[in-house]
Amino acid sequence: MLTPLIPRGDRPRERAYLVPWRVERLHDSHSLVTNTGTTPLDVVRVFVHRGADQGGTKRVETHLWGGMMPDESAELCLCALDPEDCVITVAWFRPEDGCEYVWRYAP
């Protein structure tokens, strides 16, 4: 089936969505992650990707935070890990559009 192309000038322009997170490092292995947005977020999950172990396998730890209201914070503990060898991925759903969003950062 053919889909007509809508010229760029005739399409409604969507505004960029600002990432609703602020990360404060409490000390080397603890961070406070805060929802700085204006709406609640659903099914918030945090994935901690760490470097390869001795067998060469990369490891991922999952933290399920559930829903987070505006200005709500959660502490991320990386005590058993080397924070310099980690990448953090935060995933969530916006109730307005039901889409999943992800954001990555290095602690």
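Smallest separation of non-hydrogen atoms from G67 and E72: O-OE1, 4.0 Å. Taking each heavy atom of P40 and P95 in turn, the nearest pair found is O-CD, 3.2 Å. Residues G37 and P70 approach most closely at O-CB, 3.3 Å, considering heavy atoms. Nearest heavy-atom pair across T89 and H49 is OG1-NE2, 3.0 Å. Across all non-hydrogen atoms, the minimal contact from L76 to V48 is CD1-CG2, 4.3 Å.
A salt bridge links E24 to R22: one of the charged nitrogens lies within less than 4.0 Å of a carboxylate oxygen.
Between W92 and W103, the distance separating the two ring centers is not shorter than 6.0 angstrom. Between Y17 and Y101, the distance from one ring center to the other falls under 6.0 angstrom.
Contact of the H30 side chain with the C79 side chain is registered, since non-hydrogen atoms from C-beta on lie closer than 4.5 Å. The shortest distance between side-chain heavy atoms of L41 and F93 does not fall below 4.5 Å. A heavy-atom distance below 4.5 Å is found between the side chains of T39 and E96.
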Test log, rule side chain to side chain contact (heavy atoms under 4.5 Å, CB included), inputs V46 and V33: CA-CA 10 Å; V46 176; V33 182; over 6 Å; no

Is there a side chain to side chain contact (heavy atoms under 4.5 Å, CB included) between W65 and V90? Walk through the geometry before answering. CA-CA 10 Å; W65 288 353; V90 182; 5.6 Å; no

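Linking Ile, Leu, Val, Met, Phe, Trp and Tyr whenever their side-chain heavy atoms come within less than 4.5 Å puts V19 and I88 in one cluster. Linking ILVMFWY side-chain heavy atoms closer than 4.5 Å, directly or via other members, places V44 and Y105 in a single hydrophobic cluster.
Atoms OG1 and CG, from T34 and D71 in turn, are 8.0 Å apart once rounded to the nearest 0.5 Å. For the atom pair E100 CD and D42 CG, the distance stands at 11.5 Å (nearest 0.5 Å).
Side chain of D85 to backbone of R50: no donor-acceptor contact under 3.5 angstrom is found.
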